[in-house]
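What follows is one structure encoded as structure tokens, with my remarks underneath.
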Amino acid sequence: MPDLKRTCLYDLHVELGAKMVPFAGYDMPVQYPLGVMKEHLHTRAAAGLFDVSHMGQVILRAKSGNTADAALALEALVPVDVLGLAEGRQRYAMFTNDAGGILDDLMVANRGDHLFLVVNAACKDADIAHLRARLSDTCDIEVIEDRALIALQGPMAERALERIAPEASDMKFMDAAILPISGGEIWVSRSGYTGEDGFEISVPAVEATGFADALLKMDAVQAIGLGARDSLRLEAGLCLYGHDIDETTSPVEAALTWAIQKARRTGGARAGGFPGADRILRELAEGTTRRRIGLLPEGRAPMRAGTLLYATPEGGAPIGEVTSGAFGPSIEGPMSMGYVMAGNAATGIVIYGDVRGKRLPARVADMPFLPNTYKR
């Protein structure tokens with residue numbers, strides 16, 4: 001497919017024997033010769049290196065020179081306390097639309113004289129257009145085109161990265177910093193998409209292959225593809241935009257209320273003022289008719305996206321649908337997430353998924369399915 005974009009690590013993926021597939025407009029590695037199952041388990045046991053350079057990196061600077069003004073400007077687009085984000089810290093956020101749905105989810109870091117945003121690959125053009133349309137009067141919006149983004153995840157990620165950037169070991173979960181390395185600097189956050197301790201590292205594109213190579217030469221580090229990335233994030237109970245959240249799901253339905261801080265809620269210092277605030281604040285107060293849940297199907301077969309869910313083994317209308325499903329190598333069984341009517345969302349109850357015309361039982365379960373190991 002000649003219209004697919006390539007990240008600056010494309011040649012390295014091919015050299016490593018990756019199977020390449022289209023993803024969000026890019027030619028991306030879905031797996032390496034190790035295979036999805038072993039890549040998943042290696043990340044949980046040691047350290048996995050992921051190319052996430054397809055994601056968007058954006059710097060937001062207030063024209064006033066005051067980063068608080070950039071924070072307040074961004075708060076007009078997200079239901080999150082950006083003003084209260086301390087320098088050197090990062091926070092999960094989401095762009096909402098006027099109907100209270102989610103346009104995209106993103107990470108926002110306060111780096112002193114500016115905010116640094118990382119947005120999803122499939123949405124980045126729309127996100128950047130949204131930022132420019134809404135914030136150009138008050139902020140300079142700089143799209144970073146000359147840097148790669150690499151995630152290093154797993155219990156040995158710290159030990160690996162500190163060999164290149166010794167100060168990385170001082171960071172805690174959701175810290176963000178610019179760290180010196182031999183010959184330059186890297187932009188680092190202690191975060192990720194696996195439920196494991198780890199880092200997301202922005203590196204100049206011209207240095208990305210050498211940087212990745214230096215990590216991959218360490219015994220603990222293996223290259224990991226999109227297949228294992230998906231099963232890792234699902235075990236961690238993390239949403240995939242376009243599947244588990246989208247423009248039709250509100251943050252409250254999606255069980256993302258932990259990301260809406262007190263300052264933006266009713267009675268808070270800066271309550272509302274974001275798109276869809278009426279619906280989102282009402283749902284925070286009154287609840288919703290449907291909710292995102294975790295599911296543990298009985299047996300070994302996963303209930304995959306699109307599986308209709310029912311309250312009973314026979315008869316009745318669907319009560320919801322699976323949005324993500326896979327086999328969890330670390331939990332040694334199938335797992336799914338999806339949406340059901342609020343009355344069917346209680347942990348422990350059994351509902352039924354229609355798998356190839358047969359209704360199979362699944363238990364509503366708390367997420368994450370596997371406890372996270374963030375360094376707090």
Side-chain angles (χ1 to χ4, degrees), residues 55-98 100 102-120 123-124 126-145 147 149 167 170-180 185-191 199-202 251 256-278 280-281 284 374 376:
M55 299 180 78
Q57 303 179 62
V58 181
I59 285 174
L60 196 64
R61 281 191 179 88
K63 290 183 176 178
S64 68
N66 185 348
T67 304
D69 292 336
L72 288 169
L74 186 58
E75 283 192 359
L77 304 183
V78 301
V80 170
D81 179 4
V82 186
L83 184 62
L85 183 61
E87 184 175 345
R89 293 289 290 164
Q90 178 176 266
R91 182 162 279 171
Y92 176 82
M94 62 220 82
F95 292 125
T96 50
N97 62 22
D98 291 337
I102 300 172
L103 294 171
D104 195 15
D105 58 344
L106 66 151
M107 302 300 282
V108 181
N110 179 347
R111 296 209 310 209
D113 64 351
H114 65 270
L115 301 177
F116 178 61
L117 282 51
V118 177
V119 300
N120 284 309
C123 304
K124 68 180 176 184
D127 290 348
I128 291 161
H130 185 51
L131 287 164
R132 285 176 171 153
R134 299 290 295 270
L135 304 187
S136 287
D137 288 348
T138 56
C139 296
D140 292 320
I141 298 144
E142 180 188 354
V143 181
I144 306 300
E145 306 274 19
R147 298 184 74 91
L149 195 63
E167 294 175 30
D170 297 331
M171 298 175 71
K172 298 285 193 292
F173 180 59
M174 294 298 245
D175 279 353
I178 296 175
L179 300 183
E185 64 182 30
I186 53 176
W187 305 350
V188 184
S189 66
R190 193 154 196 165
S191 58
F199 303 87
E200 293 186 325
I201 309 150
S202 177
L256 297 174
T257 53
W258 55 267
I260 304 175
Q261 289 77 26
K262 186 177 177 182
R264 306 306 307 279
R265 298 185 181 214
T266 302
R270 296 178 312 288
F274 50 84
D278 288 351
I280 292 167
L281 295 179
L284 281 167
Y374 306 134
R376 300 200 183 263

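Only a predicted model underlies this, so the values are computations on that prediction, with no experimental measurement involved. Count residues from 1 along the sequence.
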field: R111/I59 under side chain to side chain contact (heavy atoms under 4.5 Å, CB included): CA gap, chis, key distance, verdict
entry: CA-CA 10 Å; R111 296 209 310 209; I59 285 174; 4.0 Å; yes
query: Does the pair Q90 and S191 meet the rule for a side chain to side chain contact (heavy atoms under 4.5 Å, CB included), with working shown?
result: CA-CA 9 Å; Q90 178 176 266; S191 58; 3.1 Å; yes
message: As a quick check of understanding, evaluate side chain to side chain contact (heavy atoms under 4.5 Å, CB included) for I102 and L256, giving each step before the final call.
response: CA-CA 11 Å; I102 300 172; L256 297 174; 4.1 Å; yes
task: Determine, step by step, whether Q57 and L149 satisfy the side chain to side chain contact (heavy atoms under 4.5 Å, CB included) criterion, reporting the C-alpha distance in whole Å, the side-chain angles of both residues, the deciding distance to 0.1 Å, and the verdict.
output: CA-CA 9 Å; Q57 303 179 62; L149 195 63; 3.9 Å; yes
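Taking every heavy atom of both residues into account, V80 and A259 meet most closely at CG2-O, 3.3 Å. Here the closest non-hydrogen pair linking V108 and A93 is CG2-CB, 4.0 Å. Taking all atoms of both residues into account, the shortest heavy-atom contact from A73 to C139 is CB-SG, 3.8 Å. Looking at every heavy atom in both residues, R61 comes nearest to E142 through NH1-OE1, 3.1 Å. The minimum heavy-atom distance linking A62 with N66 is given by the pair CB-O, 3.1 Å. Looking at every heavy atom in both residues, T67 comes nearest to D113 through OG1-C, 3.2 Å.
Separation of atoms CG (L115) and CG (N110) is listed at 6.0 Å; rounding is to 0.5 Å. Atoms CZ and CZ, on R89 and F173 in that order, are 8.5 Å from each other to the nearest 0.5 Å. Note: D278 CG to D98 CG = 10.0 Å, rounded to the nearest 0.5 Å. Going from atom CG of L135 over to atom CG of D140 covers 11.0 Å, rounded to the nearest 0.5 Å. If you take CG on L117 and CG on L60, they are separated by 6.0 Å, rounding to the nearest 0.5 Å. Taking CD1 of I280 as the reference point, atom CZ of R265 lies at 11.0 Å (rounded to 0.5 Å).
Contacts of Y92 classified as side-chain hydrogen bond (donor to acceptor under 3.5 Å, both in side chains), with partners at least two apart in sequence or in another chain: D105. Listed by chain and number, the residues in a salt bridge (Lys or Arg N to Asp or Glu O under 4.0 Å) with R134 amount to none (sequence neighbours excluded).
The shortest distance between side-chain heavy atoms of L77 and L131 falls below 4.5 Å. Counting only heavy atoms from C-beta outward, the side chains of I144 and S202 never approach each other to under 4.5 Å. Within the 4.5 Å cutoff, the side chain of L85 has no heavy atoms near those of the M174 side chain.
Looking only at distances, a side-chain donor or acceptor of R190 sits under 3.5 Å from a matching main-chain atom of M171. R264 places a side-chain N or O within 3.5 Å of a backbone atom of E75 that can act as its donor or acceptor partner. With hydrogens and angles disregarded, no donor-acceptor distance shorter than 3.5 Å links the side chain of K172 to the backbone of Y374. The closest donor-acceptor contact from the side chain of N120 to the backbone of D104 lies at 3.5 Å or more, if one exists at all.
A salt bridge links D81 with R270; the closest basic N to acidic carboxylate O contact falls under 4.0 Å.
The aromatic rings of H130 and F95 lie perpendicular to each other, with more than 60° between the two planes, well past the 30° mark.
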